[in-house]
Amino acid sequence: AQQVWWWCLSIGRSGCSCKLLDRLSKRLFSYQEISNGQIVNLISTDASKLEVLFGFLHYLWSATAQVIVSVALLIVLLGPGALAGFGFLLLAFQVAEKIILKRSMIYRKAAASITDKRVKITQEILQGIRVIKFYAWEDSFLSRVFTFRDEELDLTRKATLLRASNFAFTTMAPVVA
């Protein structure tokens, strides 16, 4: 499994993600004004997530096969009562994932927006550093950057706690069932 994951990741890195990112950028960015901060954020975060996706795509078929075989073996060993536990798992995962994914998307969108603002103001600071130094505005600009960074870290912390609770739930649910 490790070799397959690495192979898929290297394929994603070399060709597919670059082509897909190029196509998406031409379609999305040709019709609207995009700041440099948004482009840098897209390339640094979204492209890396796209690369990881290619490493996990093979789980679509392998996980399905594993679930079918596991449920069949449980039915053979335990009888029809195994379907009750499997039904509980399906229901519990659906409810939990719906709640967790909804909150996760909210955090992710808010964090991306704040990151875009932070990167944009950082680039503006770097472009106008002489004027900022001349008028001694460093503290006011730094406070703005740190404000965005604190908001970004707060959302990242919340998203990390949400991921940890999701991991704990998915680890516990099969034991409870």
Any heavy-atom pair between the side chains of Gln123 and Val119 that's under 4.5 Å?
yes
Members sharing Leu126's hydrophobic cluster (side chains within less than 4.5 Å)
none
So which pairs with a foot in residues 164-177 pass salt bridge (Lys or Arg N to Asp or Glu O under 4.0 Å), sequence neighbours left out?
none
Pair up each side-chain donor or acceptor in residues 81-96 with any protein partner under 3.5 Å, not counting sequence neighbours, and list the distances.
none

N/O donor-acceptor pairs under 3.5 Å from side chains in residues 60-78, not counting sequence neighbours:
unit_1, atom_1, unit_2, atom_2, d
Trp61, NE1, His58, O, 3.0
Ser62, OG, His58, O, 3.2
Thr64, OG1, Leu60, O, 2.7
Ser70, OG, Gln66, O, 2.7

Look at the side-chain heavy atoms of Ile, Leu, Val, Met, Phe, Trp and Tyr, link any pair under 4.5 Å apart, and say whether Val145 and Val131 land in one connected group.
yes
Please identify each residue that fulfils salt bridge (Lys or Arg N to Asp or Glu O under 4.0 Å) with Glu152, with sequence neighbours left out.
Arg118, Arg149
Listing request: all salt bridge (Lys or Arg N to Asp or Glu O under 4.0 Å) pairs with a residue in residues 125-136, at least two apart in sequence or in separate chains.
Lys133-Glu138
Of all residues at least two apart in sequence or in a different chain, which pass the side-chain contact (heavy atoms from CB on, under 4.5 Å) check with Asp150?
none
Testing the basics here: between Ile114 and Phe148, what is the closest heavy-atom pair and its distance to 0.1 Å?
CG2-O, 3.3 Å
Could you pull out all donor-acceptor pairs under 3.5 Å where a side-chain atom in residues 165-177 meets a protein atom, sequence neighbours excluded?
unit_1, atom_1, unit_2, atom_2, d
Ser165, OG, Leu161, O, 3.3
Ser165, OG, Leu162, O, 2.8
Thr170, OG1, Asn166, O, 3.1
Thr170, OG1, Phe167, O, 3.0
Thr171, OG1, Phe167, O, 2.7

All pairs passing side-chain hydrogen bond (donor to acceptor under 3.5 Å, both in side chains) where residues 95-112 contributes a residue, at least two apart:
Ser104-Arg108
Ring pair (Phe, Tyr, Trp, His ring centres under 6.0 Å): pairs with one or both residues in residues 108-146, sequence neighbours excluded:
Tyr135-Trp137
Summary of salt bridge (Lys or Arg N to Asp or Glu O under 4.0 Å) pairs that have at least one residue in residues 158-170, sequence neighbours excluded
Asp154-Lys158
